[in-house]
Amino acid sequence: MEASPDAALQADPMSVRALKDISFGSVAGMTAKVFEHPFDLTKVRLQAQVLDATARFSGPLDCLAQTWRKEGVRGLYRGLPAPIVGAMAENASLFWTYTELQNAIRWATAPPASQDLSLRQLALAGAGAGSVTSFVLTPIELIKCKMQVQMLMAPGLAALPHSARKLPGPLSVLATTVRTTGVRGLWLGHMGTFIRETGGGAAWFSSKEAVAAALRRGERRPPHAWESAVSGACAGVAYNVALFPADTVKSAMQTEAELRPRASGAPRATFFSVFGEMYRAGGVKGLYAGCGITVARAIPSSALIFLIYDGLTRRFGG
């Protein structure tokens, strides 16, 4: 998936490369998100309860079971529209920016045409891609997280039939957020997203490239489908383990107004203040709430993303 030294620049102008990266990344992200959403919902709900006096769920399996029992299939996919849009935007931005940053690094360093970028340079491109993508992702994740805890705000709704449950949709949540906190409020928790995506992007892309290169055993060729899947699975683990506590803090900040509203006049929550509260309440274990199920779903999900992206690149050209 690393851009070949000169092929991309010679074959396609920047606009065509961008269109391909955006299209391939969007398809890969959307497909993977449908698969992983119930596990992401579980992760957010586990992260959101770290600061609660009494935990609602004893673990990921209990969270899945309670959600299924009380809310059904629709509950497991609550808030899906926002993540679908987010996954398309995230992966389109990631792959496009990653490719263009590789080209920028080649332009700045002028390596020989036959020389691949080093792993450190690929990690730098991945970090840059992640940092850019974080600005697109934060508002989408804010809406997603707020929707994923809606039933926890009003547990009595779970006893009602689906037709009688009146919960706001993504556009309503978006409008309410802008009305109460302004446009700037859509980037609540951005520090956590920025840290996660910058470090995670470096880990995701560099680990994928390293494993894929090891599987190719020095051959200069596109990866086979199974190599894309295996290296993608390893990348999914690296991405989530790298800076998971930043994601935990982000989720807690983005669901605070729904689950733990602050008293009038209370100081505004910041990334570091919430980090401190969560560490005091749950220690390191609390900061890694939901990490197990996140890593478990990231393995097949990330494998699927790179399998689709690399497959489309092989089929239609990179």
Side-chain angles (χ1 to χ4, degrees), residues 29-30 33 36-38 40-52 56 67 71 74-93 130-158 165-198 245-275 277-278 289-290:
M30 178 176 61
K33 183 55 67 176
E36 71 174 35
H37 187 73
D40 183 70
L41 178 139
T42 300
K43 178 207 73 171
V44 170
R45 290 187 171 186
L46 290 173
Q47 290 174 330
Q49 72 173 8
V50 172
L51 294 176
D52 290 347
R56 296 176 174 86
T67 302
E71 304 173 46
R74 291 179 63 179
L76 291 172
Y77 282 90
R78 186 168 305 284
L80 181 62
I84 286 288
V85 174
M88 293 173 66
E90 176 185 17
N91 286 279
S93 174
S131 64
V132 170
T133 301
S134 71
F135 289 89
V136 177
L137 204 54
T138 299
I140 297 170
E141 290 207 352
L142 176 77
I143 304 304
K144 177 205 72 171
C145 288
K146 287 180 178 298
M147 292 190 68
Q148 287 177 332
V149 299
Q150 284 175 333
M151 292 298 290
L152 305 184
M153 297 166 54
L157 288 176
R165 300 175 186 176
K166 300 296 183 182
L167 293 171
L171 294 180
S172 176
V173 173
L174 173 63
T176 300
T177 301
V178 172
R179 188 168 57 251
T180 56
T181 63
V183 174
R184 185 178 178 182
L186 293 173
W187 276 267
L188 174 67
H190 177 69
M191 177 64 75
T193 312
F194 181 82
I195 293 172
R196 184 197 70 192
E197 290 297 312
T198 302
D247 183 68
T248 303
V249 175
K250 176 202 72 74
S251 294
M253 292 181 69
Q254 292 182 331
T255 58
E256 182 182 64
E258 287 72 27
L259 302 180
R260 295 171 305 279
R262 291 184 176 245
S264 178
R268 180 172 169 267
T270 66
F271 177 84
F272 294 104
S273 68
V274 175
F275 180 93
E277 289 177 32
M278 298 188 80

For T198 versus S131, what's the shortest heavy-atom pair and its separation? OG1-CB, 3.3 Å
Between T133 and S93, a side-chain donor and acceptor under 3.5 Å: yes
The test is salt bridge (charged side-chain N to carboxylate O under 4.0 Å, His left out); show your working for E277 and R262 and say whether it passes. CA-CA 14 Å; E277 289 177 32; R262 291 184 176 245; 3.1 Å; yes
For residues E90 and E197, determine if any side-chain heavy atom of one lies less than 4.5 Å from a side-chain heavy atom of the other. yes
Can you name the nearest heavy-atom pair linking K33 to A87, along with the distance? CB-CB, 3.7 Å
Heavy atoms only: give me the nearest A257-P261 pair and the separation to one decimal. O-CB, 3.8 Å
Out of curiosity, M147 CE to T255 OG1, how far, rounded to the nearest 0.5 Å? 14.5 Å
List the atom of S134, the atom of F194, and the distance in Å for their closest heavy-atom pair. OG-CD1, 3.5 Å
With rounding to the nearest 0.5 Å, note down the distance linking CD1 in I84 to CE in M30. 6.5 Å
Taking atom OG of S273 and atom CZ of R268, what is their separation to the nearest 0.5 Å? 9.0 Å
Any side-chain heavy atom of E256 sitting closer than 4.5 Å to one from L188? no
Only one of K146, K250, Q148, Q254 clears side chain to side chain contact (heavy atoms under 4.5 Å, CB included) with V44; which? Q148
Should L137 and R196 be marked as a side-chain contact (heavy atoms from CB on, under 4.5 Å) after you check the CA-CA gap, both sets of side-chain angles, and the distance that decides it? CA-CA 11 Å; L137 204 54; R196 184 197 70 192; 3.3 Å; yes
Parallel, tilted or perpendicular for H190 and F135, by the 30°/60° rule? tilted
Is it true that R45 and E71 make a salt bridge, defined as a side-chain N closer than 4.0 Å to a carboxylate O? yes
Please tell me if the side chains of L186 and T138 come closer than 4.5 Å, counting only heavy atoms from C-beta onward. no
May I ask you to check whether over 12 heavy atoms, not counting those of M278, lie within 6.0 Å of atom CE? yes
Counting C-beta onward and ignoring hydrogens, is there a side-chain heavy-atom pair between Q47 and D247 closer than 4.5 Å? yes
Please name the pair of heavy atoms, one in G86 and one in I140, separated by the smallest distance, quoted to 0.1 Å. CA-CG2, 3.4 Å
So, taking the atom named CZ in F271 and the one named CD1 in I195, what distance separates them when rounded to the nearest 0.5 Å? 4.0 Å
Flag side-chain contact, heavy atom, 4.5 Å: T177 against L142: yes
Nearest heavy-atom pair of R56 and Q49: which atoms, and what distance? N-OE1, 2.9 Å
Between L174 and V178, does a side-chain contact (heavy atoms from CB on, under 4.5 Å) hold up when you go through it step by step? CA-CA 6 Å; L174 173 63; V178 172; 4.3 Å; yes
